[in-house]
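Have a look at the structure below before the remarks.
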Amino acid sequence: MFQVIGGRGVQVTRLLAPGRAVLVEAVRGRKSRTDTVAKSKQGRIKVPPPVDPTEMVVLKERYAEYEMITRALRLEFKEEVLRKKYEEETGSMAEEHRALMVFNDQENLRMLQQRVVRIQMEKEEAENKQVEAAIERELQQQEFIKEKEREILKLQEDAKNFITLENLDQRIEEALDSPKNYNFAVDKEGRVVKQTMLQ
């Protein structure tokens, strides 16, 4: 167990050990800001040591030269370190960059070829669709013309049986000679099952 006893000029560390004698060790401490000046130093005036002007000029010149040399060496060493670091980084990075640029050029060429092939195929497909559409329109037009021709032929055929002023008397005589009975019944199959007799 330790116990510190403080004084103005000396701190004493007392070592307390159970069952043993007390050991005292003298340790010189520091004065606090609130301590007064020692009596032996109360009248002392601090005077700086004398300086030789010639020696001061020489020292200043030498110190300036020393600072300049030190700064130059420091900058040279820093520049060398930075240059080596830059060369190491840019060397590997430049190699990697060149490799990536070659790969990029190859990919661009491959994509360009694929794009050209795709555009050509799309163009051919669009042309084929246009041709097919034109053929389909032509077929539809021909079918429409044939249908109209059939309708005209049918109308011409039906026109032979039309009642006109010229054949009106003939048609009346034919209707009287061959009367038709429309008063009949049919079953679900459409067969005539019952028919009345003409009067």
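Using a 4.5 Å cut-off between side-chain heavy atoms of Ile, Leu, Val, Met, Phe, Trp and Tyr, L109 forms no hydrophobic cluster with any other residue. Through direct or indirect side-chain contacts shorter than 4.5 Å among Ile, Leu, Val, Met, Phe, Trp and Tyr, F162 is connected to no other residue.
Between D169 atom CG and E174 atom CD the span is 11.5 Å, to the nearest 0.5 Å. Taken to the nearest 0.5 Å, the CD1 atom of I119 stands 12.0 Å off from the CD atom of Q114.
By the side-chain hydrogen bond (donor to acceptor under 3.5 Å, both in side chains) test, N108 is found to be paired with no residue, residues two or more places apart in sequence or in another chain being considered.
Residue pairs meeting the salt bridge (Lys or Arg N to Asp or Glu O under 4.0 Å) criterion with at least one partner in residues 101-128, sequence neighbours excluded, are E107-R110, R118-E122, E125-K129.
Between V37 and Q42, the shortest heavy-atom contact is O-NE2, 3.8 Å.
Enclosure of atom CZ in R83 by more than 12 non-hydrogen atoms of other residues, nucleotides or ligands within 6.0 angstrom is indicated.
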Show me the donor-acceptor pairs, under 3.5 Å and distance only, between side chains in residues 134-152 and residues at least two apart or in other chains.
| unit_1 | atom_1 | unit_2 | atom_2 | d |
| --- | --- | --- | --- | --- |
| E136 | OE2 | Q140 | NE2 | 3.4 |
| E138 | OE2 | Q142 | NE2 | 3.4 |
| E147 | OE1 | R150 | NH2 | 2.5 |

Name every donor-acceptor pair, under 3.5 Å, that has one atom in a side chain of residues 67-76 and the other anywhere in the protein, sequence neighbours excluded.
| unit_1 | atom_1 | unit_2 | atom_2 | d |
| --- | --- | --- | --- | --- |
| E67 | OE2 | Y63 | OH | 3.0 |
| T70 | OG1 | Y66 | O | 2.7 |

